[in-house]
Amino acid sequence: MCAKTLRSVHEHRKPASLRGRSFKRPTTGRFDINGDERKFKKKHSKANGIVSPMPNGKPTTSKKVNGMVNGVNGHAVVHMEDEADTSSGRGVATSSKYAAIQEQRANLPIARGETHSTIPAISIHDPSFATIGKEALLNEFREHDVTVLLGETGSGKTTQVPQYLLESGLAGEGMIAVTQPRRVAATSLAARVAAEQNGRVGSVVGYSVRFDERSSTDTRIKYLTDGMIFRELLSDPLLSKYSVVIVDEAHERSLRTDLLIANLKTIQQKRNDASQGKGKGKEKEKERLKIIIMSATLDAEKFAKFFPGSKIIYVQGRQHPVTIYHSAQGQLDYVDSAMRTFFQIHVDQPPGDVLIFLPGQEDIESLDNSIRLYANQLPPNQQEVLICTMYASQAPGQNAKVFNATPPNTRKCILATNIAETSITIPGVKYVIDTGKCKEKRYLAKNTGGGFDTLMTRDITKSSAMQRAGRAGREGPGFCFRLYTEESFKSMALSAEPEIMRSISALKTLFLIGGLDQSGEITQLGREMAAFPLEPVYSRAVLASKEYGCTNEVLTIIAVLSASSKVFVDSSEQRDAVAEARKKFKHGSGDHLTVLNVVRAYKDVALSENKSGRREWCRKHFLNERALLEANDIREQLQQTCERLGIDWKVSCGDGDEPVIQSFGQGLAMNTAFLQPDGTYKQTMGQSTVKIHPSSTLCDKKAPTIVYDEVVYTNQIYARGVSIISKSFLAGLGALKVRQA
DNA sequence: GAGCACTGC
């Protein structure tokens with residue numbers, strides 16, 4: 001019976017080729033899953049370090065990866081980077097605490113001279129590294145305008161290098177900027193470094209992220225998000241208040257980091273040219289700009305090539321050894337394989353939590369069910385299994401459960417998406433199971449039959465696989481089980497294709513909505529659009545709302561759509577209750593005004609209820625309060641932008657829906673479609689046929705003409721965030737269609 | 001009638 005139930009769990013999974021696979025229920029007390037297909041090839045059983053791929057494809061073991069074993073003399077491991085303790089930095093440390101912090105600083109690999117230097121364009125894996133210490137590192141910074149600093153997690157480079165530059169006087173009179181791709185990293189790093197400087201955040205060490213800035217005239221080291229430094233570029237194109245700009249996490253190749261690096265090159269040339277012409281000595285130094293690119297070990301030479309004359313320096317990390325196993329044969333059904341591997345660990349291996357990487361929610365739920373089913377049949381003397389799931393659209397409270405301490409005699413099993421790869425560090429993990437899969441959003445070009453975003457399961461990259469394995473070695477020696485062969489690993493791409501290479505399809509949209517003219521120059525409308533911290537299509541909708549007299553409503557809706565997390569929370573267990581709760585907010589015109597109804601209802605509740613009452617109301621209605629609060633912040637920021645541009649944001653259309661939707665139509669002109677006899681929709685500007693996503697309030701409503709926020713191709717091509725738009729509005733787009741042609 | 005990785009202003 002159980003086998004049947006399990007099969008049915010898997011039956012609905014894709015791909016279809018996997019259907020019908022069954023799992024034999026164990027007949028003995030011992031859960032023997034060590035069948036033929038489940039033999040792992042163990043690599044370097046006595047290895048002292050991660051098996052790292054060489055550029056030439058030969059795996060090697062790197063012994064020095066292991067900082068603890070090399071002797072940190074019993075000091076607790078201090079993770080100096082993304083997990084820096086935020087709370088410790090809020091106040092001024094006591095003198096004994098300060099002394100302890102300084103001792104920790106001195107013991108970091110970067111301070112102890114575990115750095116290597118090599119000449120540019122030579123592989124960083126070259127064995128002929130010279131070991132240099134802090135002073136030598138500073139000399140390299142002094143002698144080179146651009147330094148590429150490679151370092152593994154835990155090396156302390158992000159916290160220490162800015163302080164070295166400050167303490168040595170190398171930064172001169174100017175400030176040191178350290179850019180980060182994520183907000184939490186910027187704020188927690190500033191807290192940590194402020195504590196190391198025995199000061200408060202906002203004095204010598206500060207940060208700047210959206211909605212939150214802590215800096216003053218005293219501030220010399222500033223951690224900021226790459227988005228914020230772009231805002232600063234608008235008012236100070238040469239970044240003149242900074243003498244050093246450090247770009248951290250450059251290997252992630254985010255759109256903004258890439259653009260920032262490109263801009264920095266130009267800025268440096270301009271500033272260094274200017275400094276040649278005038279002044280001497282100190283004055284000259286003040287003008288010059290130093291750039292430090294910090295990156296994980298892959299991709300270094302690309303950055304070095306981009307900056308001729310730059311220097312590559314390598315810093316050891318502090319990571320415990322992780323033994324990596326590859327599956328002997330390829331696995332067709334990675335969910336099934338993950339389950340077998342989990343129980344193999346659970347039965348045979350010493351205590352320690354297990355982290356399983358899966359591509360998405362659907363697989364997580366499926367594996368959750370399977371493990372639950374079989375965990376109940378384990379003999380009573382076995383440890384309990386506690387399953388935690390973690391993915392972006394899950395309620396925040398549910399996600400937070402992974403941080404709870406594991407109860408006694410229990411093994412925690414965490415089923416997570418990429419969310420656990422970089423953003424979040426989960427304590428207690430000793431074993432990692434890596435399915436080798438992830439989901440990636442990718443723009444499918446028109447000439448290949450697309451013209452829209454796709455979200456597909458695909459193989460991860462080598463650098464992703466390394467990152468996942470590393471998650472097992474944060475607190476002690478760990479193990480990583482890869483559900484793919486070593487050959488598959490070798491054939492993986494080195495690292496993700498830079499975002500800039502797979503996302504930009506925006507030029508035509510900008511032209512269509514009037515942000516650019518025919519020669520590609522920015523228009524007056526485009527300039528106003530750029531003032532808003534929004535996607536251009538939504539900036540356009542705000543500007544249109546001025547004409548339609550509904551700025552108030554449009555700002556509210558856009559603020560919610562722009563929040564980082566979704567307002568509607570998923571719960572597969574309470575599906576009916578979710579549907580029932582959604583009904584209350586439903587607006588006949590579609591999803592945009594439904595969002596407005598949610599915000600209005602929340603505001604009503606906020607008038608009569610206290611904090612816990614509001615929270616309870618959100619929980620009951622399956623709404624994410626954090627998203628609503630963030631939307632409120634965004635709304636206030638948008639109001640300020642409106643005021644700067646002389647737009648009256650108080651103008652309201654009351655209960656009217658038509659003006660609101662038409663405002664969106666101006667921005668989302670590309671995303672309009674009309675009903676065809678077979679019930680699908682044909683795009684007005686594009687050849688594709690789309691369906692309304694089942695999560696939409698308009699699903700199955702057969703609205704004649706629609707406007708939507710986005711198209712995503714999963715199993716079918718779906719339009720999401722859909723509202724009914726008038727036929728006459730669509731007819732009015734005829735002129736745009738001509739422009740498009 | 002299906003299910004959605006991660007960021008940023």
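Chain naming here is simple, since letters A, B, ... match the order of the sequence lines and numbering starts at 1 in each.
Applying the side chain to side chain contact (heavy atoms under 4.5 Å, CB included) rule to A:Gln716 yields the partners A:Lys691, A:Tyr718; only residues at least two apart in sequence or on another chain are considered. Legend: residues meeting salt bridge (charged side-chain N to carboxylate O under 4.0 Å, His left out) with A:Lys702, ordered by chain and number and at least two apart, are absent.
Atom CD1 of A:Ile558 is separated from atom C1' of B:dC9 by 14 Å (rounded to the nearest Å). In this structure, CG of A:Leu698 is placed 16 Å from C1' of B:dA2, rounded to the nearest angstrom. Atom CD1 in A:Ile634 sits about 11 Å away from atom P in B:dG8, given to the nearest Å.
Of the candidates B:dC9, B:dG3, B:dT7, the closest approach to any side-chain atom of A:Arg183 belongs to B:dC9. In the set B:dA2, B:dA5, B:dT7, the nucleotide with an atom closest to the side chain of A:Arg256 is B:dT7. Distance from the side chain of A:Arg210 is smallest to B:dC9 among B:dC9, B:dA2, B:dA5.
At least one side-chain nitrogen or oxygen of A:Thr225 sits closer than 4.0 Å to the OP1 or OP2 atom of B:dC9. Taking only side-chain nitrogens and oxygens, A:Ser695 never comes nearer than 4.0 Å to OP1 or OP2 of B:dA2.
Mapping A:Thr417 and A:Gln180 onto DNA chain B by nearest heavy atom places A:Thr417 at the nucleotide closer to the 5' end. Between A:Asp700 and A:Val712, the residue anchored closer to the 5' end of DNA chain B is A:Asp700, taking for each the nucleotide with the nearest heavy atom.
Checked by distance alone, A:Arg182 brings no side-chain donor or acceptor within 3.5 Å of a matching partner on the base of B:dC6. Side-chain N/O atoms of A:Lys566 and base N/O atoms of B:dC4 include a donor-acceptor pair closer than 3.5 Å.
Within 4.0 Å (heavy atoms only), A:Glu535 reaches at least one base atom of the nucleic acid.
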Inset, instruction - Please lay out, stage by stage, how A:Phe303 and A:His251 fare under the test ring-ring contact (aromatic ring centres under 6.0 Å, His included). - result: CA-CA 9 Å; A:Phe303 293 120; A:His251 59 276; 8.6 Å; no

